[in-house]
Amino acid sequence: MKFLKGKKLYSILFGVCPVCHEESMYKENNPYVLNRIFDMNERCSNCGTKYKIEPSFFYGAMYVSYAVGVAFAVAAFIIAHLFFGAGLMISFWAIIGTLVVFMPIIMRLSRNIWINFFMNYKEDAGKTRQPE
């Protein structure tokens, strides 16, 4: 997937620094380690980008999370109801199960999308970093 490097999609899908695309934003890459799901590095060690721009910055990701959750729910409904011919009640339970199982991924994906609204990729970001 290196062909995506330099695109916002790369940072969103892999949870890497939105500025240099070199380092993971998260201390634990596996989103299913639930007690560390929100643990993020303070800054990128490659380019020095501060991830939490301001206090409570990631509260905005809740709005994105709603949209991403709806997308997952619609996909679950289409797969269950249209492809497998499940009734409405089975489709409902498929939606609930999908949202529960994919909750950690939805949360991380929402944070990645939110931070990428405010930061852009810079090809030479890690090369020109000033020492702190």
Side-chain angles (χ1 to χ4, degrees):
M1 292 291 221
K2 290 291 184 185
F3 66 91
L4 287 176
K5 194 164 186 176
K7 309 279 190 240
K8 286 192 180 282
L9 189 59
Y10 183 81
S11 176
I12 290 169
L13 292 177
F14 297 106
V16 295
C17 175
V19 176
C20 70
H21 291 189
E22 293 297 327
E23 179 188 88
S24 176
M25 292 189 294
Y26 302 98
K27 292 180 180 177
E28 175 62 50
N29 285 331
N30 183 355
Y32 287 98
V33 179
L34 297 180
N35 62 338
R36 301 202 58 206
I37 192 169
F38 294 119
D39 289 351
M40 295 182 73
N41 295 315
E42 185 71 28
R43 293 181 177 272
C44 175
S45 65
N46 186 53
C47 68
T49 299
K50 185 175 180 183
Y51 297 131
K52 294 178 184 176
I53 298 171
E54 59 187 27
S56 306
F57 171 70
F58 285 106
Y59 281 163
M62 290 187 302
Y63 298 104
V64 177
S65 178
Y66 179 77
V68 173
V70 167
F72 272 73
V74 167
F77 175 78
I78 289 172
I79 291 168
H81 190 68
L82 297 179
F83 290 151
F84 292 114
L88 289 179
M89 191 53 104
I90 299 297
S91 297
F92 170 76
W93 287 110
I95 291 170
I96 299 298
T98 299
L99 292 176
V100 168
V101 168
F102 287 105
M103 180 264 311
I105 292 173
I106 291 170
M107 292 168 68
R108 286 267 179 105
L109 198 57
S110 300
R111 278 184 169 220
N112 298 347
I113 291 169
W114 184 250
I115 198 168
N116 272 279
F117 279 143
F118 301 98
M119 296 183 185
N120 295 313
Y121 176 73
K122 296 176 186 154
E123 191 169 345
D124 60 346
K127 299 172 189 159
T128 60
R129 181 174 182 221
Q130 298 296 323
E132 296 176 18

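Quick caveat: nothing in here was measured; it's all calculated off a predicted structure.
N112 contributes no side-chain N or O that, together with a main-chain N or O of L13, makes up a donor-acceptor pair within less than 3.5 Å. At distances below 3.5 Å, not a single donor-acceptor pair connects side-chain atoms of S65 with backbone N or O atoms of A61. Using a distance-only test at 3.5 Å, with no hydrogens or angles considered, a donor-acceptor pair links the side chain of R108 to the main chain of I37.
Note on F102 and I12: same hydrophobic cluster, where clusters join Ile, Leu, Val, Met, Phe, Trp and Tyr whose side-chain heavy atoms are under 4.5 Å apart, directly or indirectly. Note: the hydrophobic cluster containing M103 does not contain V101 (ILVMFWY, side chain heavy atoms under 4.5 Å, direct or indirect links). In the hydrophobic cluster analysis, where Ile, Leu, Val, Met, Phe, Trp and Tyr join through side-chain heavy atoms closer than 4.5 angstrom, L88 is grouped apart from W93.
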Q) Under the side chain to side chain contact (heavy atoms under 4.5 Å, CB included) criterion, do V33 and N35 qualify, and how do the steps go? A) CA-CA 6 Å; V33 179; N35 62 338; 3.3 Å; yes
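Counting heavy atoms from C-beta on, the side chains of M107 and R111 never come closer than 4.5 Å. A 4.5 Å side-chain heavy-atom check between Y66 and S110 finds every atom pair outside the cut-off. Residues V64 and F117 are in side-chain contact: their nearest non-hydrogen atoms beyond the backbone lie under 4.5 Å apart. Residues V70 and V68 fail the side-chain proximity criterion, which asks for heavy atoms closer than 4.5 Å. F58 has its side chain within reach of I115: a pair of non-hydrogen atoms, C-beta onward, lies under 4.5 Å apart. M25 has its side chain within reach of P18: a pair of non-hydrogen atoms, C-beta onward, lies under 4.5 Å apart.
The structure places NZ of K52 at 12.5 Å from CZ of R43, a figure rounded to the nearest 0.5 Å. Between atom CD1 of residue I106 and atom CD1 of residue I113 there is a gap of 10.5 Å, rounded to the nearest 0.5 Å. The CE atom of M119 sits 11.0 Å away from the SG atom of C20 when rounded to the nearest 0.5 Å. Distance check: I105 CD1 to F72 CZ gives 6.5 Å after rounding to the nearest 0.5 Å. Between L9 atom CG and F14 atom CZ the span is 8.0 Å, to the nearest 0.5 Å.
Contact detail for M40 and K27: the closest heavy-atom pair is O-CE, 3.4 Å. Of all heavy-atom pairs between K8 and N116, the closest is NZ-O, 2.6 Å. Of all non-hydrogen atoms in E23 and N41, the two that sit nearest each other are OE1-ND2, 3.8 Å. Minimum heavy-atom separation, S24 to Y51: O-OH, 4.3 Å. Across all non-hydrogen atoms, the minimal contact from W114 to F57 is NE1-O, 3.0 Å. Across F77 and S91, no two heavy atoms sit closer than the pair CD1-CB, 3.7 Å.
The 12-atom threshold is exceeded at CZ of F118, counting heavy atoms of other residues, nucleotides or ligands nearer than 6.0 Å.
Counting only residues at least two apart or in different chains, ring pair (Phe, Tyr, Trp, His ring centres under 6.0 Å) contacts with residues 17-38 comprise Y10-H21, H21-Y121.
Of the residues listed (S11, C47, C44), the one engaging V19 in a side chain to side chain contact (heavy atoms under 4.5 Å, CB included) is C47, and it is the only one.
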